Amino acid sequence: MKRSFADDSQLDRRLNLFDTTLLVIGGIIGTGVFFNTTNVAQRVHTPGLILGVWLVGGLIAAIGALSFAELGAMMPLVGGPYAFLREGWHPIVGFLYGWTLLLVISPGGTAAVTMKFAQTLAILVPGLASPLAIKLTGLGAIWLLTLVNYFGVKPGAIVQNIFTSGKLIALALLIGCGFLAPAATSVGTNPGVPYEGSLIAAFGAALAPVLFSYGGWQSSTWAAGEIRNPQRNLPRGLIVGILVVIVIYVSASAVYLRVLPVEAIRHTDTLATDVAVKLLGGFGGRFISIAIVVSTFGFIDMTLLTAPRVFYAMGRDGYLFPAAAYVHPKYKTPVTMLLFFAAWTSVVFLAGSYDALLSYTTFGDWIFFGLAVAAVFTLRRRYPDLPRPYRVWGYPILPALFVAAAFGFVLINFFANQPQTSYGLVLILSGIPAFYLFKKFNA
C-alpha cells in the first residue's frame with residue numbers, strides 16, 4: 001500500500017537545525033537536573049548505581065528519540081506523536097494522546113514549572129516573595145511568552161535559543177567547577193546497604209524520576225510542520241539533542257557525587273544549590289537560582305511554542321472545535337489554540353492543583369511513548385515503500401526494548417501509585433466519548 005504524507009498545514013517552515021536541536025534540549029532540561037539525583041539516591045545508595053540509573057535512563061530515552069527520528073523524517077507533520085499514533089494505530093489513539101496532553105499533561109507540567117520559576121525569582125528579588133506576587137509573576141511569564149509566540153514561530157524560537165543556551169552555559173560552569181575542585185573525602189561513604197529490597201525493584205523505582213527528567217524529546221516533533229528540510233534536520237536535531245542531554249545529566253550527577261556524600265544527597269531538597277555553595281561559596285546559591293530561572297523560563301517558552309501545534313492538528317482533522325484550526329493570516333501561528341492553551345494553563349496555575357493532576361496522568365505519558373515507538377513496526381508493515389530518510393538504528397531489537405521498558409514502567413507505576421493512576425486512566429479514557437462527540441459535531 002503506497003501513501004505519501006504531504007504537509008497540508010498552513011504553518012511556515014522557519015526552524016533550522018540549530019532551532020530544532022535547542023528545542024530538543026530545552027524540552028528535556030527543566031528542573032530535574034537540579035534536584036532529581038536526590039530522588040535516585042533515596043532508592044539506590046551507591047555512586048555506581050546512581051550513575052548507572054542515569055545512564056540506563058539516557059539509553060532508553062535515546063532509543064525513543066531515534067525511533068521518533070524515523071517517524072518524524074518519514075511524516076514531518078505538525079503534531080508529531082499525534083500524527084504517528086493516528087497513522088500507526090487509529091485516529092482515536094492520536095486523539096486520546098492530544099486530549100490528555102491538552103487537558104492535563106502540558107498545562108499541568110507548564111504550571112508546575114511556572115511556579116518553580118516564580119518562587120526562584122522571588123529568591124533573587126525579595127519584593128516578589130509574597131504569595132500574590134508569585135502568582136502575578138507566574139501569570140506575567142505565561143502571557144509575556146504567549147505574546148512572543150503570537151507573532152510567529154521564529155520569535156518564540158529565538159527566545160528558546162537564548163534561554164536554552166543560557167542554561168547550557170550555567171550547567172557547563174557548574175560541571176566544570178565540580179570536576180576541577182578537589183573531591184570530598186566522604187564521597188565514597190556507603191550509607192548502609194546499596195539498595196533496599198531486590199535490585200530490580202530498587203533500580204526500577206530509581207528510574208522513575210530519571211525517565212521523567214529525560215522526557216521531552218518529543219516536543220520538537222510537535223512543531224515538525226515548521227522545521228525546514230525536516231527529513232534531514234529533525235533526525236539530526238533529535239540525535240544531537242538527546243546526546244547532549246545525556247552528557248549533561250550524567251556529568252551533573254557525577255559532580256554531585258564528587259562534591260557531596262551520598263547520605264547528604266539523599267537528605268537534601270536543594271541539591272544543586274548545596275553543591276554550588278560548596279564549590280563557589282556565597283555566590284553559589286545565587287548562581288543556581290539564576291540558572292533555575294533561566295531554565296524554567298526557557299521551558300515555559302518551549303511548551304507555548306510547540307504544544308499548541310498538536311491541538312491545531314487535532315482541530316484541522318475535525319477532532320476539536322473548528323476554531324482550533326485557525327491560523328493567523330500574517331504570523332502563521334495557531335493563535336486560537338495558543339491563546340486557549342495559555343488561558344487553561346493560567347487557570348491550572350492559579351488553582352494550584354497541577355501536582356495532583358500530574359500524578360494522575362504522567363504514567364499515561366509513557367503509554368503514548370510506547371505506542372508511538374511501536375508505530376515504527378506498524379508503519380513499516382503498513383507502508384513498506386514509504387520513503388524513510390532515516391531508519392532507527394538497531395531495528396527491530398532496540399525499538400522493541402523501548403516498548404517493553406515503556407510498558408513495564410507504566411505497569412510498575414500503575415500498581416505502585418494507586419489510586420492516582422486509576423484516576424489518570426479514567427481521565428484518559430474520558431477522551432473516547434469526546435472523540436465521537438467531536439467527530440459527530442464536525443461531520
Side-chain angles (χ1 to χ4, degrees), residues 9-12 14-15 19 22-23 26-27 30-31 78-80 98 101-121 128 132-164 166-167 216 219-220 222-223 225-226 293-316 320-321 323-352 354 357-358:
S9 78
Q10 304 173 55
L11 308 180
D12 279 348
R14 301 195 61 193
L15 302 178
D19 299 328
L22 290 191
L23 270 182
T31 59
V78 66
L101 193 73
L102 173 61
L103 205 60
V104 176
I105 293 176
S106 274
T110 307
V113 171
T114 301
M115 178 58 76
K116 178 61 71 174
F117 162 80
Q119 290 173 336
T120 308
L121 187 63
L128 301 178
L132 176 61
I134 286 174
K135 292 289 187 182
L136 292 175
T137 299
L139 289 176
I142 291 170
W143 286 99
L144 173 63
L145 291 170
T146 299
L147 181 65
V148 169
N149 282 281
Y150 182 94
F151 291 107
V153 68
K154 200 60 181 179
I158 290 172
V159 171
Q160 175 64 205
N161 293 347
I162 291 170
F163 280 86
T164 300
K167 75 174 79 172
S219 56
S220 62
W222 293 344
E226 293 160 285
V293 165
V294 169
S295 183
T296 50
F297 193 77
F299 186 90
I300 299 166
D301 177 70
M302 181 281 306
T303 310
L304 288 164
L305 170 63
T306 56
R309 273 66 183 169
V310 179
F311 317 134
Y312 156 78
M314 294 168 67
R316 185 194 58 187
L320 282 180
F321 44 89
Y326 176 74
V327 173
H328 194 285
K330 179 178 180 181
Y331 303 118
K332 301 299 180 183
T333 50
V335 292
T336 302
M337 292 316 299
L338 172 63
L339 296 174
F340 181 91
F341 177 68
W344 176 230
T345 300
S346 298
V347 170
V348 175
F349 173 73
L350 290 174
Y354 36 83
L357 289 173
L358 281 175

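Note that the structure is a prediction, hence the values are computed from the model and not measured.
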Can you tell me how far apart [atom1] ([X]) and [atom2] ([Y]) are? Round to the nearest 0.5 Å.
X    : Y    : atom1 : atom2 : result
T146 : L305 : OG1   : CG    : 11.5 Å
S220 : M302 : OG    : CE    : 9.5 Å
L304 : T345 : CG    : OG1   : 6.5 Å
Q160 : L145 : CD    : CG    : 9.5 Å
T164 : L23  : OG1   : CG    : 7.5 Å

For the residue pair [X] and [Y], establish whether any side-chain heavy-atom pair is separated by less than 4.5 Å.
X    : Y    : result
L147 : W143 : no
R316 : V78  : yes
F299 : T31  : no
R309 : T333 : yes
F349 : K135 : yes
L139 : L350 : yes
M337 : V310 : no
I142 : T114 : yes

Sequence neighbours excluded, which residues qualify as ring-ring contact (aromatic ring centres under 6.0 Å, His included) partners of F297?
F117, F163
Classify the ring geometry between F311 and F341 as parallel (under 30°), tilted (30 to 60°) or perpendicular (over 60°).
tilted
Qualifying salt bridge (charged side-chain N to carboxylate O under 4.0 Å, His left out) pairs, either residue in residues 149-158, two or more places apart:
D19-K154
Return the minimal non-hydrogen interatomic distance between [X] and [Y], and the atom names on each side.
X    : Y    : value
G27  : S219 : CA-OG, 3.6 Å
Y312 : P334 : CB-CB, 3.6 Å
P107 : L103 : CG-O, 3.7 Å
Y331 : Y150 : CB-O, 3.6 Å
A118 : G138 : CB-N, 4.0 Å
A307 : S106 : CB-OG, 3.8 Å

Going by side-chain contact (heavy atoms from CB on, under 4.5 Å), P308 matches just one of N149, L338, L339. Which one?
L338
Given D301, which partner from the list I158, L144, V159, I162 fulfils the side-chain contact (heavy atoms from CB on, under 4.5 Å) test?
V159
Sidechain-backbone polar pair: T296 side chain, K116 backbone, donor-acceptor under 3.5 Å:
no
Tell me if the CH2 atom of W344 is crowded by more than 12 foreign heavy atoms within 6.0 Å.
no
Test T137 against L121 for side chain to side chain contact (heavy atoms under 4.5 Å, CB included), laying out the working first.
CA-CA 9 Å; T137 299; L121 187 63; 3.7 Å; yes
